[in-house]
Amino acid sequence: MKKMVAIFLAGLMTVSLAACGGEKKEENVPKEPVGEKVTLYAETWEGDDVRLAADFFYPADAGITLEGDEEYPDWIDMHYEAKNITISPAIFEDTTFDANKEYEKENEETYKEFKINGYDCYGYEAFGGYWIYVHLEEVSETTDRYLCIETEITDYSIEDTPEGIAHYEDEDIKKIIESFAYRGIVAYPEEETEK
């Protein structure tokens, strides 16, 4: 009888662990990507022929123009002319995430913590725009991989453009910010490298 109970409990634990594992996997899955894709790449300690990669998606018919530096594809400007807002996502692997977070938490009145696609984030208003930092993963005690997504007004001569957190609260802007798919370490250059 004791043996039967032990087998039953062992099976129950296995099912419970499998269920927890399944939930964890789905936690950081972004919404279904739609439209055009732009890929950010960042150098990593993992090697010279690999990069960190994250994809962002935007509507093909939104009139968005891209501006970036081909030599440093870790940052891109997405000019959303109809909204008069530029979305500037960047991807990093460095030692500054925790220090930046503590500094902004102490010094920015609009500092707020939240989640995007299951990832821990913080955001705050600055220079009329909104800054979001997305913690992707911890590499070591001192090194992290993360996204920095900045929004700002493209043309300040145009009046009545919303400022600050209103950028992120705009449904169209929010969809682009939340569209990212973090792919981790990839071979670089990839066969179809987007600029």
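Starting from 1, each residue takes its place in the sequence as its number.
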Discussion item. Set out, in order, the CA-CA distance, both residues' side-chain angles and the distance that settles side-chain hydrogen bond (donor to acceptor under 3.5 Å, both in side chains) for Tyr133 and Glu104, then state yes or no.
Written reply: CA-CA 11 Å; Tyr133 285 79; Glu104 304 306 345; 5.6 Å; no
Discussion item. Evaluate Thr151 against Tyr80 for side-chain hydrogen bond (donor to acceptor under 3.5 Å, both in side chains), listing each step before the verdict.
Written reply: CA-CA 10 Å; Thr151 64; Tyr80 201 151; over 6 Å; no
Fill in: Chi angles and distances behind the side-chain hydrogen bond (donor to acceptor under 3.5 Å, both in side chains) call for Tyr188, Glu43
CA-CA 10 Å; Tyr188 185 82; Glu43 291 188 359; over 6 Å; no
Practice prompt. Just do the side chain to side chain contact (heavy atoms under 4.5 Å, CB included) check on Asp98 and Glu138 with the steps written out, would you?
Written response: CA-CA 10 Å; Asp98 291 331; Glu138 185 177 279; 5.5 Å; no
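In this structure, Trp45 CH2 and Leu52 CG are separated by 12.5 Å, a value rounded to the nearest 0.5 Å. Residue Leu66 holds its CG atom at 8.5 Å from NE2 of His79, rounded to the nearest 0.5 Å. Rounding to the nearest 0.5 Å gives a distance of 10.0 Å between CD of Glu113 and SG of Cys121. Here Glu178 contributes atom CD and Ile173 contributes atom CD1; the two are 12.0 Å apart, rounded to the nearest 0.5 Å. Between the CD atom in Glu102 and the CG atom in Asn100 there is a gap of 10.5 Å [rounded to 0.5 Å]. Rounding to the nearest 0.5 Å gives a distance of 11.0 Å between CD1 of Ile177 and CG of Leu147.
Annotation: side chain of Asp144 is in contact with side chain of His135 (closest heavy-atom distance under 4.5 Å). Considering only heavy atoms from C-beta on, Leu40 stays 4.5 Å or farther from Asp74 through its side chain. Residues Tyr182 and Val134 are not in side-chain contact: their nearest non-hydrogen atoms beyond the backbone lie 4.5 Å or more apart. The side-chain heavy atoms of Leu136 and Ile91, taken from C-beta on, include a pair separated by under 4.5 Å. Contact annotation: the side chain of Glu67 never approaches that of Ile76 to less than 4.5 Å [non-hydrogen atoms, C-beta and beyond]. At a threshold of 4.5 Å between non-hydrogen side-chain atoms, the residues His167 and Lys83 do not count as touching. Considering only heavy atoms from C-beta on, Ile149 comes within 4.5 Å of Phe56 through its side chain. Side-chain contact between Tyr58 and Met78 is present, with at least one heavy-atom pair separated by less than 4.5 Å.
Contact between Asp77 and Ser88 at its shortest, heavy atoms only, is OD1-OG, 2.6 Å. Heavy-atom minimum distance, Asp55 versus Arg183: OD2-NE, 2.9 Å. Across Ser157 and Asp155, no two heavy atoms sit closer than the pair OG-OD1, 2.6 Å. Counting all heavy atoms, side chain and backbone alike, Glu93 lies closest to Thr44 at OE1-OG1, 2.9 Å. Across Thr39 and Tyr41, no two heavy atoms sit closer than the pair CG2-CZ, 3.4 Å. Counting all heavy atoms, side chain and backbone alike, Ala60 lies closest to Glu36 at CB-OE2, 3.5 Å.
Within the 3.5 Å criterion, the main-chain N or O of Glu125 finds a donor-acceptor partner in the side chain of Thr110. The backbone N or O of Asp172 sits less than 3.5 Å from a side-chain atom of Asp170, completing a donor-acceptor pair. A donor-acceptor pair under 3.5 Å is absent between the side-chain atoms of Thr86 and the main chain of Thr154, judged by distance alone.
Under a cut-off of 6.0 angstrom, the local environment of CD in Glu108 is crowded, with over 12 non-hydrogen atoms contributed by other residues, nucleotides or ligands. In this structure, Phe127 places its CZ atom where only 12 or fewer heavy-atom neighbours from other residues, nucleotides or ligands lie under 6.0 Å away. Atom CD of Glu141 has 12 or fewer heavy atoms from other residues, nucleotides or ligands within 6.0 Å. More than 12 heavy atoms of other residues, nucleotides or ligands shown are found within 6.0 angstrom of CG on Asn107. Environment of CD in Glu137: crowded, with over 12 heavy atoms of neighbouring residues, nucleotides or ligands closer than 6.0 Å.
Clustering ILVMFWY residues whenever any of their side-chain heavy atoms sit less than 4.5 angstrom apart, transitively, puts Tyr124 in a cluster other than the one holding Ile153. Cluster annotation: Ile165 is connected to Ile85 through the hydrophobic network of ILVMFWY side chains, with a link wherever side-chain heavy atoms come within less than 4.5 Å. In this structure, Val186 is not a member of the same hydrophobic cluster as Val139, with clusters built from ILVMFWY side-chain heavy atoms closer than 4.5 Å.
Taking a cutoff of 4.0 Å between a charged side-chain nitrogen and a carboxylate oxygen, Arg51 and Glu190 do not qualify as a salt bridge.
Exactly one of Phe114, Tyr130, Tyr146, Phe97 qualifies for a ring-ring contact (aromatic ring centres under 6.0 Å, His included) with Tyr122. That residue is Phe97.
Aromatic ring centres of Tyr103 and Tyr111: separated by at least 6.0 Å.
Inspection of the Thr95 and Thr142 side chains reveals no N or O donor paired with an N or O acceptor under 3.5 Å.
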